[in-house]
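First the structure, in the form of structure tokens, and then the observations on it.
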There are 2 protein chains.
Amino acid sequence: MTGRPIGTVAKATGVKIPTIRFYENIGLLPAPPRSEGNRRLYDEATADRLHFIRHARELGFEIESIRGLLRLADSPEAPCHDADEIARTHLDAIDRKIASLVSLRAEVARMAECACTGPIAECRVIEVLAEHGHEH
Amino acid sequence: MTGRPIGTVAKATGVKIPTIRFYENIGLLPAPPRSEGNRRLYDEATADRLHFIRHARELGFEIESIRGLLRLADSPEAPCHDADEIARTHLDAIDRKIASLVSLRAEVARMAECACTGPIAECRVIEVLAEHGHEH
DNA sequence: GCTTGCTCCTCTAGCGACTAGAGGATGTAG
DNA sequence: CTACATCCTCTAGTCGCTAGAGGAGCAAGC
């Protein structure tokens, strides 16, 4: 029973070694067989799973969503709709995040429009933050 | 020596009670005097400071940035430039976050374009995530 | 065979910014 | 006097890792 050691898989997938072990710990990645010296030996299927996880994480999916997606990936007869819904929910979350960041940006930009020559006593940044009644 | 209890200040500022205590713990908010029964009694200056912190947090400033801003707010003779720089650094961070979220959004949206009628075996979401060599 | 240096192992603790809960004391209104 | 609300401290949990301690295994050179 052979396979690649964790370092090789880490390099191949771009996932750091402690992160791989962490995924195993939380049950996202199956525990691979070990060598005589107790080292993890990964087969291709598990490495692929790790690739899958990394892609999903890069796209900002949460661990629990990825757990769901992996379960679906494992049951090819399940309806595509289920995976699609996870993706769409995620898309909505991204949209909300972008919207709130954009309005935030406007506010911070307005705040940072500062002549920036005087002392703090006249600083717009501090002034805006100290303002009362600016509940939105 | 009077003052408002923590619950009243919490309502007035919109900061939850445990969060106020947390700010005190990490030295962001000064420890207020206590009543005979050991309860915190806040004066207006401290409540204002909490307002300041809340505004800054709402605008996404990190605790350490807020610590700096508060120090500046306390020294009105310091140059405005220092506060402005914190704000500008934050603005840059927001811009980077927005940019990365927007490109993310495009990718997830492309992924979620799914006919969504077949089984998982033909699902585009799963397919995209499982793809190899899609390093960007 | 022996040493060097790399990779690997497990385990615990830390990050940021809170939040939740236990278990108890205090304050107030009827 | 009795409810009940509010407060207190302390610990542990959240999320997704990351860092470090302290040790074992392994491959290559001498």
Side-chain angles (χ1 to χ4, degrees), chain A residues 2-29 31-42 46-47 49-50 52-70 89-90 93-94 97 100 104, chain B residues 1-29 31-42 46-47 50 52-70 89-90 93-94 97 100 104:
Chain A
T2 59
R4 289 183 289 165
I6 196 167
T8 309
V9 175
K11 249 167 224 148
T13 57
V15 181
K16 287 179 191 150
I17 292 175
T19 306
I20 297 177
R21 293 198 274 243
F22 167 74
Y23 288 156
E24 184 183 318
N25 260 344
I26 63 172
L28 202 60
L29 199 64
R34 303 288 182 111
S35 73
E36 286 177 25
N38 197 33
R39 296 175 173 213
R40 290 169 178 83
L41 291 176
Y42 291 93
T46 308
R49 211 174 173 82
L50 193 52
F52 185 105
I53 294 170
R54 200 200 93 192
H55 287 160
R57 283 296 301 143
E58 274 177 359
L59 292 176
F61 284 92
E62 292 169 7
I63 296 284
E64 285 317 302
S65 302
I66 297 174
R67 216 186 279 279
L69 288 169
L70 280 169
T89 301
H90 181 44
I94 294 176
K97 237 178 245 169
S100 98
L104 207 74
Chain B
M1 204 52 186
T2 57
R4 289 184 288 165
I6 197 167
T8 310
V9 176
K11 249 167 223 146
T13 57
V15 181
K16 286 178 193 153
I17 292 175
T19 306
I20 298 177
R21 293 198 275 244
F22 167 74
Y23 288 156
E24 184 182 320
N25 261 342
I26 63 171
L28 201 60
L29 200 64
R34 302 288 182 111
S35 74
E36 287 176 24
N38 197 32
R39 291 168 179 221
R40 291 170 178 83
L41 291 177
Y42 292 92
T46 308
L50 193 52
F52 185 104
I53 295 170
R54 199 201 95 194
H55 287 161
R57 283 297 300 142
E58 274 177 1
L59 292 177
F61 284 93
E62 292 170 7
I63 296 283
E64 285 317 302
S65 302
I66 297 175
R67 214 185 279 278
L69 288 170
L70 281 168
T89 301
H90 181 45
I94 295 176
K97 236 179 247 169
S100 97
L104 207 75

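Chain letters run A, B, ... following the sequence lines, proteins first, then strands; residues in each count from 1. Note that the coordinates shown come from a computational prediction; the quantities given were computed from them, not determined experimentally.
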Shortest non-hydrogen contact between B/Ala12 and B/Arg4, atoms and distance = CB-NH1, 3.8 Å

Kindly give the heavy-atom pair with the smallest separation between A/Leu41 and A/Pro32, and that separation in Å.
-> O-CB, 3.5 Å

Terminal helix-axis angle for the helix from C/dG1-D/dC30 to C/dG30-D/dC1, with five pairs defining each axis and rounding to 10 degrees = 20°

Shortest non-hydrogen separation from B/Ile17 to B/Gly7 and the atoms involved = CD1-CA, 3.9 Å

Starting at OG1 of A/Thr89, measure out to CD1 of A/Ile94 and round the result to the nearest 0.5 Å.
-> 11.0 Å

Separation between CZ of A/Arg57 and CD1 of A/Ile66, rounded to the nearest 0.5 Å = 5.5 Å

Atom pair CD1/OG1 of B/Ile53 and B/Thr19 - distance to nearest 0.5 Å | 11.0 Å

Span of DNA chain C, from the first to the last nucleotide whose atoms fall under 4.0 Å of chain A heavy atoms | C/dT7 to C/dT10

Tell me the salt bridge (charged side-chain N to carboxylate O under 4.0 Å, His left out) pairs involving residues 11-21 of chain B, sequence neighbours left out?
-> none

Specify the closest pair of heavy atoms between A/Leu104 and B/Leu59, including all atoms of both residues, with the distance to one decimal.
-> CD2-O, 3.5 Å

OP1 or OP2 of D/dT6 less than 4.0 angstrom from a side-chain nitrogen or oxygen of B/Arg40, does that happen here?
-> no

Here the gap from A/Leu29 atom CG to A/Tyr42 atom OH, rounded to the nearest 0.5 Å, amounts to 6.0 Å

Near DNA chain C, under 4.0 Å by heavy atom, which residues of residues 15-25 of chain B?
-> B/Lys16, B/Thr19, B/Phe22, B/Tyr23

Evaluate side-chain contact (heavy atoms from CB on, under 4.5 Å) for A/Phe22 paired with A/Leu28, printing each intermediate quantity in order.
-> CA-CA 9 Å; A/Phe22 167 74; A/Leu28 202 60; over 6 Å; no

With the criterion being N/O to N/O and under 3.5 Å, what pairs connect the protein with nucleotides 22-28 of chain D, and how long is each?
from   : atom 1 : to      : atom 2 : distance (Å)
D/dG25 : N3     : A/Arg39 : NH2    : 3.4

For B/Glu62, answer base if it contacts any base atom (sugar-phosphate contacts may also be present), sugar-phosphate if it contacts only those atoms, and nothing otherwise; contact means non-hydrogen atoms under 4.0 Å.
-> sugar-phosphate

Contact class for A/Ile6 (heavy atom, under 4.0 Å): base, sugar-phosphate, or nothing?
-> sugar-phosphate

Partner set under salt bridge (Lys or Arg N to Asp or Glu O under 4.0 Å) for B/Arg40, not counting sequence neighbours = B/Glu24

Could you give the distance from CD1 (B/Ile26) to CD (B/Glu64), rounded to the nearest 0.5 Å?
-> 7.5 Å

